[in-house]
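The next block holds one structure in the form of structure tokens; read it before the comments.
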There are 2 protein chains.
Amino acid sequence: MTDSAKPTRKRDGRLREDLIDAGVALLRDRGADGMSLRECAAIAGVSHASPGYHFGNLKGLKTAIAARAFRLFGDFMLEFLAKADSAPKSQILAISEGYLAFAESHKELFLFMFSGQELDQTDPDLSAMSERAYQILRDTCAPFVKPDSDPETVEILVWSLVHGYAQLMITGKISKASPGGKVPAYKFLLDHLDLCPRG
Amino acid sequence: MTDSAKPTRKRDGRLREDLIDAGVALLRDRGADGMSLRECAAIAGVSHASPGYHFGNLKGLKTAIAARAFRLFGDFMLEFLAKADSAPKSQILAISEGYLAFAESHKELFLFMFSGQELDQTDPDLSAMSERAYQILRDTCAPFVKPDSDPETVEILVWSLVHGYAQLMITGKISKASPGGKVPAYKFLLDHLDLCPRG
DNA sequence: TCCATAACTTGACACCGTCAAGATACGAAA
DNA sequence: TTTCGTATCTTGACGGTGTCAAGTTATGGA
């Protein structure tokens, strides 16, 4: 027997991923308001009520899309981390570069994730992927946390700066990029944070 | 004759404000997805197509709501500025307190403004009100801009920190408030910014 | 008095999310 | 091999939504 209640019919569970793919594509092409269960169904080539079966409701599909987005988001940061040297400051810069690269190359997803959409915050996939992303930040900030200090302070400092920069960047409010592009501009900002690794 | 094409009929232009009021109320009570042209019309006591006449389409109403929100947002910052002493650092803290007070007391509006909603960015009201809000930040940051430096650097630093903090605060991601509440916690963060007023 | 027009209504249309009910196909059981 | 249970998907319906066209009403000016 199969070892669990895994889907066994028709598309063998492939449809769920296809529907998320369709949702991501619609999000990219038409924005959050242009995505609908029925349009996703049409793109995936199934009937209009099929997404409802798999995701319960629109909120369910949006939650699945957000989970996928957070996974990709974490992947970006890990990828840049792996390419950087191990000095704490370099690592901070690396996750920031990953953060900004994701925001720029997946603008719609980035806005969607942080736009206060109605999502099912109890969904295990979504919470696992967003926890994972936050843990990457937490780990990278750890060397800067002073022994008897709250880790949250450093985390909020770094997160706020990079997130704010990303938001201003993708909404076009950062007009004049520094010579050398946006990452050098961000690095310049980062130098204004009072951060020093302990020990 | 009247001096322009000002509204002269029936509700004498009061309806437009009533519809925005209704939209703000719906936004507060049911979130962005719970607001509709038809529901606003019902609350204001007019027919379902009346909002379309005044705002063109849903995007138009959302734009008008965002403009109102930015005005209120600026008012908050100005109010806190007026109560603070004139030392540059105190002024920075004051607009930050206004920023955080607005985010906390008008959470739905705050999320709406910065959620990448489809808004008509060419709308004169919206751009005037968001420009005004940004100008308050700009003016307050001015004393910290070094003579041959880009003002944007300080502005992005301050804005990112307070905006990131606000976002984390209202989405419940800042768990343990410092003793004394959230503003002292923010002030503690602010001290980690490498800011010093020029001569 | 008449008229142009702003302000609003009515009615229609396509699209949407959601639900109930039916169809289908496959693994397991006999 | 036949039967059966169930996961998967379809069909059809419902009320709600944005938007448009056309009609109505009221008012200030000619």
Side-chain angles (χ1 to χ4, degrees), chain A residues 1-23 25-27 29-66 112 117-120 123, chain B residues 1-23 25-27 29-66 112 117-120 123:
Chain A
M1 60 185 146
T2 57
D3 64 353
S4 75
K6 79 172 64 164
T8 53
R9 302 311 157 82
K10 301 216 166 158
R11 301 237 222 143
D12 282 12
R14 202 31 243 185
L15 177 55
R16 200 173 195 279
E17 294 303 310
D18 285 354
L19 289 169
I20 298 175
D21 288 345
L26 282 175
L27 210 54
D29 297 343
R30 304 194 209 166
D33 290 348
M35 183 196 54
S36 70
L37 289 175
R38 292 173 102 108
E39 190 80 20
C40 288
I43 293 176
V46 290
S47 75
H48 69 262
S50 187
Y53 173 76
H54 286 281
F55 299 101
N57 50 28
L58 180 59
K59 187 175 178 178
L61 175 58
K62 285 184 173 177
T63 299
I65 292 173
F112 178 78
Q117 288 279 336
E118 301 263 327
L119 302 178
D120 179 11
D123 180 76
Chain B
M1 60 187 143
T2 57
D3 63 355
S4 74
K6 79 172 64 163
T8 53
R9 304 310 159 82
K10 298 208 169 165
R11 301 239 224 141
D12 281 11
R14 191 49 233 182
L15 178 54
R16 200 173 195 278
E17 293 302 309
D18 286 353
L19 289 168
I20 298 176
D21 288 344
L26 282 173
L27 210 55
D29 297 342
R30 306 194 208 167
D33 290 349
M35 183 198 54
S36 69
L37 289 176
R38 291 172 101 109
E39 191 83 15
C40 288
I43 292 175
V46 290
S47 75
H48 69 262
S50 187
Y53 173 77
H54 286 281
F55 300 102
N57 50 27
L58 181 59
K59 187 175 178 177
L61 176 57
K62 286 183 173 178
T63 299
I65 292 173
F112 178 78
Q117 287 279 339
E118 302 262 329
L119 301 178
D120 179 11
D123 179 76

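These numbers come from a predicted model, not from an experiment. Residue numbers begin at 1 in each chain, while the letters A, B, ... track the order of the sequences.
- Between Asp33(B) and Lys62(A), at least one side-chain N (NZ, or NE/NH1/NH2) sits under 4.0 Å from a carboxylate O, which counts as a salt bridge.
- Between His54(B) and Leu61(B) the shortest side-chain heavy-atom distance does not fall below 4.5 Å.
- Side chain of Thr63(A) to backbone of Lys59(A): a donor-acceptor contact under 3.5 angstrom is found.
- Atom-to-atom, OH of Tyr53(B) to C1' of dT9(C) comes out at 13 Å; the value is rounded to the nearest Å.
- Atom C1' of nucleotide dT8(D) and atom CZ of Phe55(A) are separated by 14 Å, given to the nearest angstrom.
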Original post:
Going 5' to 3' along nucleotides 11-20 of chain C, which nucleotides have protein heavy atoms under 4.0 Å from the base (write B), which only from the sugar-phosphate (write S), and which from neither (write -)?
Top reply: BB---BBBB-
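- dA25(C) atom C1' lies 15 Å from atom CG of Leu15(A), rounded to whole Å.
- Shown here for Ala64(A) and Ile20(A), the closest heavy-atom pair between the two residues is CB-CD1, 3.8 Å.
- The separation between Leu19(A) atom CG and dT8(D) atom C1' is 12 Å, rounded to whole Å.
- Inter-residue side-chain proximity for His48(B) and Leu37(B) is flagged as unmet; no heavy-atom pair is nearer than 4.5 Å.
- For His54(A), no side-chain nitrogen or oxygen approaches OP1 or OP2 of dA7(D) to under 4.0 Å.
- For the atom pair CG (Asp120(B)) and CZ (Phe55(B)), the distance works out to 13.0 Å, reported to the nearest 0.5 Å.
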